[in-house]
Protein chains: 2
Amino acid sequence: MDTHAGRYVTLEQVANAAEVSLATASRVLNGGDRVVRAELRDRVLAAARKLRYVPNAHAQALAGGATTTVGLVMHDVSDPYFSSITRGAIEVATRGGALVMLGSTFRSPEREIEYVSALRAQRARAILLVGSGFADPEYQRAMRTELENYRDAGGRYAFVSHHDLPGDAVLPENRAGGAAIARALLELGHRRFAVASGPRTLTTVAHRLGGFAAELASAGIPESDLLVIERDFTEDGGYAAARELVAAGIPATALFCVTDVMAIGALMALREHGVPVPERLSLVGFDDIPIVRHLSPALSTVALDLNRMGREAMRLVLTDAPPGPPRRVRIPAELVLRESTAAPPG
Amino acid sequence: MDTHAGRYVTLEQVANAAEVSLATASRVLNGGDRVVRAELRDRVLAAARKLRYVPNAHAQALAGGATTTVGLVMHDVSDPYFSSITRGAIEVATRGGALVMLGSTFRSPEREIEYVSALRAQRARAILLVGSGFADPEYQRAMRTELENYRDAGGRYAFVSHHDLPGDAVLPENRAGGAAIARALLELGHRRFAVASGPRTLTTVAHRLGGFAAELASAGIPESDLLVIERDFTEDGGYAAARELVAAGIPATALFCVTDVMAIGALMALREHGVPVPERLSLVGFDDIPIVRHLSPALSTVALDLNRMGREAMRLVLTDAPPGPPRRVRIPAELVLRESTAAPPG
DNA sequence: CTGTTAGCGCATTCAA
DNA sequence: TTGAATGCGCTAACAG
């Protein structure tokens, strides 16, 4: 497939029609505030409009002009967590005159690296890596060199969530959020806990779970007493985890799901098995994606300003980096107690 | 901001390192299955790897090579309706080796046209316009010429949902879906209906509402008896519509919301005002976005295979167009009765 | 203020 | 099979 480039109207054609030089046409059409006499300017503008001229972004990029694309790489656009972040990112990108290229990796490390490479080929002005990275050392190494190359060539990038890689980042307070949940549950009187977890190799999972367990430990409940059920980081994973919990006779009075999406799956399984929430089992999620307030019972969770995360990340990357260590923008995690939590039965 | 192009490794550098000509390096690296002796081929490959060569997509495009970006323009990525479609589209784009550029217009006609123009500047291989167009004649005219220019230059485009513009399209059976809802409600015994509608200038709204009203009419209920409350095409819009319905004393036993997202807002308002669903008022949505089955009461709605819509649209546009009239892919609308509908009170 | 010119990195003729 | 040369459309010196 070709670019069918020849059939587009070129600057040169516009210049000819306006009877000015190529350079002049360039100045008025794509040159920002370059100085051109009003008369010529009008002629060029008229010709461009008449011919429906659209600049060739590739030629502009190649000739050393601006590149206006920024890349966004994430696990799954259709996950509300990511789509909310994406929305924020697009908002500020648009305001900054940038176009967003979106990659959905469906949690494949290879695909993530491929996307970064493709974005590099596009000479994207910046890349946002959204969602936690993978613990796999092979991935770490590959991604690190990919990003180093990109940065060495002048590209800017930032992370949303932890990546164990150097670079600016927007970091939700996962650990504190996990701890806050533990504290709230303890205060309600809970003593036996279960966790529906994603793969612990994901840093996000590790941090949320870590904060939760640490807080319990400091209240005298050892990590060994904690029933951690590890499943996919998805709604189905939450469903499976809850089923397993039920199968085990529900040896807990509270279930912490490391994401709202998992909590939704868990809630479905619990409902199917007739387990009353919160009467028999308190349920807590994490993220506060838009819909969970509409569930019933409305889900208790830890709120993250997802939109803001996207905005901040895009800002980080569209803005000049000050010298010094990588910048980090902390996103506060705020506990929101709704209907799915209560005192333990009995 | 510049492309920092000079700092990228170029094909020429690879060729020099491999001690072959530029042309040969091009052939092995980006030339598909061009014939090159194994020895030279290996030398080039080794040099490229060593130098971490990444082709410059802009240069490739400019030189007449392939353009691998496809554009996706929609109202709002964070709306589950669109993000589900997006996911499907990205899936097949990725399989086809294409990169997706995403534009979120937030329902601004101007922005939609700007995006198409930007995509044209990018020489995007194809453009998908997702979500219904605007009735505004000024917009229609502008978009039509924008698309004509794009197509004349060899670009391909398709619509998801109606646009009143010529071109291939993936069309959900909105009218039939609306009619199916009316039929089901009539069968349950309902006779007094309200609709929470988005702007009727949106063709999607017009069709869903039209199918609904026509079916009622053929059952002897004139359109003038139908209470249509027109608000934003959003959750807030649904909320506002339901509040108004409550303020009016709920002169109906069934409420049809033209989208699930609006139904979610409506449900929230009804809950706040203590209106039992479905006992006092039956509620029906449209789309079957993933979450509505988790609401309580679980929402009755019309299911559309959103993912498939995205996939089909991308396929339409990545595939060679057969001669003849525009292609249309019909997406069946299937009524799903869940808990939010019941016989009218009394 | 305006026009001329030289590349940007690559695919592709055309010769060899 | 390989190499040398041309041009894609545009921007950025540079000269006028």
Side-chain angles (χ1 to χ4, degrees), chain A residues 1-44 47-48 51-68 120-123 153-154, chain B residues 1-44 47-48 51-68 120-123 153-154:
Chain A
M1 164 114 195
D2 78 340
T3 328
H4 41 261
R7 312 172 66 185
Y8 277 91
V9 173
T10 69
L11 230 203
E12 186 178 2
Q13 294 173 33
V14 174
N16 288 156
E19 300 184 323
V20 300
S21 72
L22 215 198
T24 297
S26 171
R27 283 190 269 256
V28 0
L29 257 11
N30 313 312
D33 49 357
R34 250 75 96 13
V35 241
V36 174
R37 188 155 38 103
E39 187 204 329
L40 292 194
R41 165 178 299 276
D42 291 346
R43 285 218 311 264
V44 172
L51 266 35
R52 305 193 184 296
Y53 168 72
V54 176
N56 183 325
H58 296 302
Q60 293 189 139
L62 195 58
T67 314
T68 55
R120 214 142 77 76
Q122 293 289 332
R123 301 302 188 263
Chain B
M1 161 114 196
D2 78 338
T3 330
H4 41 262
R7 312 175 64 187
Y8 277 90
V9 174
T10 69
L11 230 203
E12 186 178 2
Q13 295 173 31
V14 173
N16 288 157
E19 298 183 327
V20 300
S21 73
L22 215 195
T24 298
S26 172
R27 285 190 266 256
V28 2
L29 257 12
N30 312 312
D33 48 358
R34 250 74 99 11
V35 240
V36 174
R37 183 155 43 102
E39 188 204 328
L40 292 194
R41 166 179 296 277
D42 292 345
R43 284 218 311 263
V44 171
L51 265 35
R52 307 191 181 296
Y53 169 73
V54 176
N56 183 326
H58 296 301
Q60 290 184 316
L62 195 58
T67 314
T68 56
R120 213 142 77 77
Q122 293 288 332
R123 300 302 186 264

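Within every chain, numbering begins at 1; the chains are lettered A, B, ... in the order of the sequence lines, protein sequences first and strands thereafter.
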Item to check | Candidate nucleotides D:dG3, C:dG9, C:dG3, ranked by approach to the side chain of A:Ala23 - the nearest | outcome: C:dG3

Checklist entry - Under 4.0 Å between a side-chain N or O of A:Gln60 and OP1 or OP2 of D:dC10? => result no

Next on the checklist: So if I take every side-chain heavy atom of A:Ala59 and compare against D:dC10, D:dT2, C:dC10, which nucleotide ends up nearest?
Outcome noted: D:dC10

Item to check | side-chain N/O B:Tyr8 vs C:dC10 OP1/OP2, d < 4.0 Å | outcome: no

Checklist entry - Step by step, would you call A:Leu40 with A:Val28 a side-chain contact (heavy atoms from CB on, under 4.5 Å)? => result CA-CA 9 Å; A:Leu40 292 194; A:Val28 0; over 6 Å; no

Next on the checklist: So if I take every side-chain heavy atom of B:Leu62 and compare against D:dT2, C:dG9, C:dC10, which nucleotide ends up nearest?
Outcome noted: C:dG9

Item to check | Closest to the A:Leu11 side chain, choosing from C:dC10, C:dC8, D:dC10 | outcome: D:dC10

Next on the checklist: In whole Å, I'd like the distance from the CZ atom of A:Arg41 to the C1' atom of C:dT2.
Outcome noted: 13 Å

Checklist entry - If every non-hydrogen atom of A:Ala25 is compared with every non-hydrogen atom of A:Val20, which pair is closest and at what distance? => result N-CG2, 4.2 Å

Next on the checklist: Tell me the interatomic distance from A:Asn56, atom CG, to D:dC10, atom P, rounded to whole angstroms.
Outcome noted: 6 Å

Checklist entry - Separation of B:Arg27 atom CZ from D:dG3 atom P, in whole Å? => result 8 Å

Checklist entry - What's the closest nucleotide to the A:Leu40 side chain, out of C:dT2, C:dC10, D:dG3? => result C:dT2

Item to check | Protein-nucleotide distance (A:His58, atom NE2; D:dT11, atom P), rounded to Å | outcome: 14 Å

Checklist entry - Does B:Thr24 put a side-chain nitrogen or oxygen below 4.0 Å from OP1 or OP2 of D:dG3? => result yes

Checklist entry - Tell me: CZ of B:Arg123 to P of C:dC10, nearest whole Å? => result 20 Å

Next on the checklist: Let's see if you can work this out: which of C:dA11, C:dG9, D:dT2 has an atom nearest to the side-chain heavy atoms of B:Arg37?
Outcome noted: D:dT2

Checklist entry - Below 4.0 angstrom from OP1 or OP2 of C:dT4, is there any side-chain N or O of A:Ser21? => result no

Checklist entry - Does A:Thr10 put a side-chain nitrogen or oxygen below 4.0 Å from OP1 or OP2 of D:dG9? => result no

Next on the checklist: What's the closest nucleotide to the side chain of A:Ser26 if the choices are D:dT2, C:dT2, D:dT11?
Outcome noted: D:dT11

Item to check | Closest approach of B:Arg27 to B:Val36 (non-hydrogen atoms, all atoms of both residues) | outcome: CB-CG2, 3.9 Å

Checklist outcome for this item: In terms of heavy-atom contacts, B:His58 and A:Ala57 come closest through ND1-O, 4.4 Å

Next on the checklist: In this structure, how many angstroms lie between the P atom of D:dA5 and the CG atom of B:Leu22, rounded?
Outcome noted: 12 Å

Checklist entry - Does the side chain of B:Thr67 reach to within under 4.5 Å of the side chain of B:Gln122, using non-hydrogen atoms? => result no

Next on the checklist: Rounding to an integer number of Å, can you tell me how far B:Gln122 CD sits from D:dG9 P?
Outcome noted: 16 Å

Next on the checklist: Rounded to whole Å, please give me the gap between CZ in B:Arg43 and P in D:dT1.
Outcome noted: 16 Å

